[in-house]
Amino acid sequence: MTKPTTVRDGGTEAPPNDFIREIVRQHLAEGRCSQVHTRFPPEPNGYLHIGHAKSICLNFGIAREFGGICNLRMDDTNPTKEDVEYVKAICEDVRWLIAGWADHCLGLKPRGRTPQSQIVNGTTDYHLGPVVGQTDGDTLEPFFASDYFEQLYEFAVRLIRKGKAYVCDLSPEETDQYRGAPDRPGRESPWRNRSVEENLDLFQRMRAGEFPDGARTLRAKIDMASPNVWMRDPVLYRIRHAEHHHTGRAWCIYPTYDFAHCLSDYIEGITHSICTLEFEVHRPLYDWILENLDLPRPLPRQYEFARLNLSYTVMSKRKLLQLVREGHVRGWDDPRLPTLRGLRRRGVTPEAVRNFAYRIGITKYDGLTDMAVLEHAIRDDLNRRALRRLAVLRPLRLVITNYPEDQVEELPALNNPEDPHAGTRLIPFSRVLYIEQDDFMESPPPKFYRLQPGGEVRLKYAYIVRCDEVVKDENGWLLELRCTADLESKAGGRNAHRKVKSTIHWVSARHAVPAECRLYDRLFNVPEPDLLEDWRDALNPNSLEIVQAWCEPALARACPDERYQFERLGYFVLDADSSADRLVFNRTITLKDAWVKERQKLGS
RNA sequence: UGCCCGAUGGUGUAACGGUAGCACAGCAGACUCUGGAUCUGUUUGUCAUGGUUCGAAUCCAUGUCGGGCAGCCA
């Protein structure tokens with residue numbers, strides 16, 4: 001039985017502590033902010049994966065633990081890379097992951113709403129607050145950085161007026177050259193000292209579409225000699241005559257990440273802007289932009305943590321895309337992928353993902369988390385909830401010679417030994433059965449205690465049988481096993497408590513239901529595929545094996561929301577490819593198998 | 001060779017100047033009508049060198065190693 005669970009909340013374990021939560025706790029205690037407000041800001045240019053889950057669990061976790069809100073925001077400032085397809089998918093995946101756990105702190109906004117303006121001390125301020133805890137998906141939508149383009153433009157104009165930004169005519173190549181190198185200062189652009197009026201005029205004409213892509217940029221005027229290259233007059237706006245998935249053709253200039261992100265945070269009233277380590281060097285710029293705009297409300301602060309690296313997989317959008325495009329997997333929701341859709345289709349529950357995210361912690365150390373930790377979280381979760389069923393993946397016929405030809409018994413079986421309320425069901429038993437090929441060996445090694453010639457095993461919930469005869473065809477292939485049952489060994493019988501070394505699973509051949517089972521394994525053979533010259537060389541050619549299995553009749557009524565443990569084999573979930581007359585199961589993960597290890601020790 | 005960040009068992013993390021703990025993995029055992037689950041035990045660690053201190057994983061200095069940064073990507 002499972003150990004008594006500690007504090008559980010929405011199916012998720014008690015939250016951990018980490019340096020970011022400590023900062024939040026302190027800020028709240030000091031009254032620096034009255035309510036914590038975080039955000040999860042993916043760029044809609046790809047599907048969410050387990051690494052995003054770490055960020056989602058952090059941002060929504062903090063919101064719910066401290067009575068705050070977490071906005072879902074599309075960080076969509078680059079029209080050439082983004083698409084509504086991704087917006088839709090991201091929303092679905094986030095909802096799936098936080099359902100029943102943090103929906104009440106999910107910050108959305110009424111569809112189409114843009115920031116409201118308000119005059120504070122003579123200048124215009126922009127704010128867009130969230131709507132929280134509503135499930136109406138039709139009238140609400142996520143936040144979009146692109147909804148702030150008008151306000152962002154206004155902020156840029158303000159910077160120009162203050163002499164803190166200028167229009168630069170350098171080409172992209174020239175801009176690169178002028179930037180210098182990390183160990184060498186840059187040179188000032190010849191356009192750096194244009195008048196405010198000229199800058200205003202040019203910027204307005206950039207917006208009006210007078211110049212082609214790349215002809216000019218708007219740049220912050222900071223310090224070309226800064227040791228931090230991001231402070232060397234970074235580009236704030238670039239010209240892109242491209243259609244945007246959310247704003248259409250309304251704009252031909254687009255703000256860069258650095259300009260848009262801090263201000264989006266500000267507009268939404270974000271208090272703690274949490275991102276990954278690579279943005280650490282951007283923080284001075286994040287602060288510079290906000291501080292040079294004389295904004296009336298409290299400024300958001302950026303904090304960085306280490307992104308997730310997981311062994312035996314790849315996480316970069318580029319590589320995931322490549323796996324899909326090159327056909328190494330069957331799509332974005334392929335159960336072998338670390339995408340949230342992949343994990344979902346594989347049968348992993350949101351609770352398992354959240355518990356995993358909680359257990360790995362939050363630090364600034366860029367490490368590598370063992371896939372075994374994720375796998376453990378999945379087993380831990382599924383062990384608790386999965387209904388036990390009997391199914392045989394690779395059948396071997398077993399005939400019980402002393403069992404009447406026509407007899408059928410309905411044997412009671414526990415649905416879940418971990419859950420007394422899960423009840424029982426009946427399994428039909430008859431003279432001809434299928435057992436797992438792996439559960440029989442004609443000449444077994446020492447520690448094999450499954451069925452062997454002359455040996456005995458218990459058939460789960462049924463009788464103890466002895467193998468009398470091994471029947472083969474002319475080529476020596478195993479055809480069937482002929483056994484005799486101890487007819488007194490069934491539950492309630494005289495020999496019910498006889499001990500045998502092993503209990504194996506089985507199905508009655510006559511009653512068995514066929515099913516396709518997709519057996520997934522790790523996608524890569526090495527812990528760090530990224531280290532290889534070509535990471536694809538490490539692809540596991542056996543990451544998917546398809547077998548035709550035989551299942552106990554109860555599985556004919558399987559439904560997609562249930563999780564099943566095929567006893568002694570692993571956890572399975574019904575796949576979307578199933579239909580009324582065809583069962584397809586995905587193996588989420590195998591059970592831990594001590595025999596596999598024993599066999600490896602024996603050297604085969 | 002410029003700037004920023006980091007370093008605690010095999011891996012991921014905790015300890016906030018006072019007994020280095022937890023999880024995963026490993027190993028050994030108990031139990032078991034799942035070689036599952038559960039339970040018990042156990043191997044292995046503070047990057048280095050100085051300094052401050054009664055006392056340092058923790059504070060300071062120097063070094064070593066690792067990561068990040070030179071997109072009009074995010």
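Reminder, nothing fancy here: chain letters follow the sequence lines and each chain counts from 1. No hydrogens, no waters, no symmetry mates; every other heavy atom, side chains included, goes into these values.
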Integer angstrom distance from the [atom1] of [N] to that of [M]:
N	M	atom1	result
B:C33	B:C27	P	25 Å
B:U8	B:A23	C1'	15 Å
B:U40	B:C31	C1'	11 Å
B:U1	B:C22	P	42 Å
B:G17	B:G12	C1'	26 Å
B:U19	B:U58	C1'	15 Å
B:A15	B:A56	C1'	13 Å
B:C47	B:A7	C1'	7 Å

Looking only at the side chains, is there a donor atom on one of [X] and [Y] sitting less than 3.5 Å from an acceptor on the other?
X	Y	result
A:Thr256	A:Arg238	no
A:Tyr312	A:Glu375	no
A:Tyr286	A:Asp265	yes
A:Gln565	A:Glu567	no
A:His505	A:Arg388	no

Please say whether the positively charged group of [X], taken as NZ for Lys or CZ for Arg, lies over the ring of [Y], i.e. under 6.0 angstrom from the six-membered ring centre and within 45 degrees of the axis.
X	Y	result
A:Arg207	A:Tyr153	yes
A:Arg389	A:Tyr564	no
A:Arg219	A:Tyr166	no
A:Arg240	A:Tyr254	no

What nucleic acid atoms does [X] come within less than 4.0 Å of, heavy atoms only: base, sugar-phosphate, or nothing?
X	result
A:Lys592	sugar-phosphate
A:Arg450	base
A:Gln565	base
A:His282	base
A:Asp176	sugar-phosphate
A:Lys597	sugar-phosphate
A:Ser311	nothing
A:Ala377	nothing
A:Thr363	sugar-phosphate
A:Glu43	sugar-phosphate
A:Phe279	base
A:Leu170	base
A:Ile504	nothing
A:Phe448	base

Using whole Å, report how far [atom1] of [X] lies from [atom2] of [N].
X	N	atom1	atom2	result
A:Phe19	B:U58	CZ	C1'	17 Å
A:Arg240	B:C73	CZ	C1'	8 Å
A:Leu368	B:G66	CG	C1'	14 Å
A:Leu285	B:G71	CG	C1'	14 Å
A:Asp258	B:C69	CG	C1'	12 Å
A:Leu374	B:U11	CG	C1'	14 Å
A:Asp380	B:C24	CG	C1'	11 Å
A:Asn416	B:C33	CG	C1'	16 Å

Where does B:G71 land, syn or anti, given syn is within 90° of 0?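 With its glycosidic angle within 90° of zero, B:G71 counts as syn.
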[N] OP1/OP2 closer than 4.0 Å to side-chain N/O of [X]:
X	N	answer
A:Lys460	B:G36	no
A:His376	B:C24	yes
A:Arg179	B:C72	yes

Residues in ring-ring contact (aromatic ring centres under 6.0 Å, His included) with A:Phe440, at least two apart?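 By the ring-ring contact (aromatic ring centres under 6.0 Å, His included) rule, A:Phe440 matches no residue at all.
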Is there a donor N/O on one and an acceptor N/O on the other, under 3.5 Å, for the side chain of A:Arg568 and the base of B:G35?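 No pair found.
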B:U34 base / A:Arg388 side chain donor-acceptor hit below 3.5 Å: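 Such a pair is found, so the answer is yes.
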Across all strands shown, which nucleotide pairs with [N] by Watson-Crick or G-U wobble geometry, both distances under 3.5 Å?
N	answer
B:A61	B:U49
B:G17	none
B:A56	none
B:C33	none
B:C3	B:G68
B:C24	B:G10

Nearest listed nucleotide, side chain of [X], among [options]:
X	options	result
A:Ala372	B:C27, B:G35, B:C24	B:C24
A:Glu598	B:C27, B:G35, B:A14	B:G35
A:Ala594	B:U34, B:G35, B:C73	B:G35

Which residue lies toward the 5' end of RNA chain B, A:Asn45 or A:Glu278, if each is placed at its nearest nucleotide?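 Mapping each residue to its closest nucleotide by heavy atoms, the 5'-most match is A:Glu278.
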Please figure out whether A:Glu567 or A:Asp370 has its closest RNA chain B nucleotide nearer the 5' end.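 Checking each residue's closest nucleotide, the 5'-ward one belongs to A:Asp370.
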Just checking A:Phe448 against A:Trp595, ring centres under 6.0 Å apart?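 When the ring centroids of A:Phe448 and A:Trp595 are compared, they turn out to be within the sub-6.0 Å range.
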Please check if the distance between the ring centroids of A:Tyr86 and A:Tyr47 is under 6.0 Å.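 Between A:Tyr47 and A:Tyr86, which both carry aromatic rings, the centre distance is below 6.0 Å.
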Let's see if you get this right: which residues in residues 210-221 of chain A place a heavy atom under 4.0 Å from RNA chain B?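 Residues of residues 210-221 of chain A under 4.0 Å from RNA chain B: A:Gly214, A:Thr217.
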Heavy atoms, side chains only, cut-off 4.5 Å: are A:Phe356 and A:Thr369 in contact?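 Answer yes - side chains close enough.
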Protein-to-nucleotide contact annotation, 5' to 3' order, nucleotides 1-7 of chain B [B base; S sugar-phosphate only; - none; under 4.0 Å, heavy atom]: SBS-SSS
Please verify the inter-ring angle class for A:Tyr257 with A:His261; under 30° counts as parallel, over 60° as perpendicular, anything in between as tilted.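 Answer is tilted, since the angle falls between 30° and 60°.
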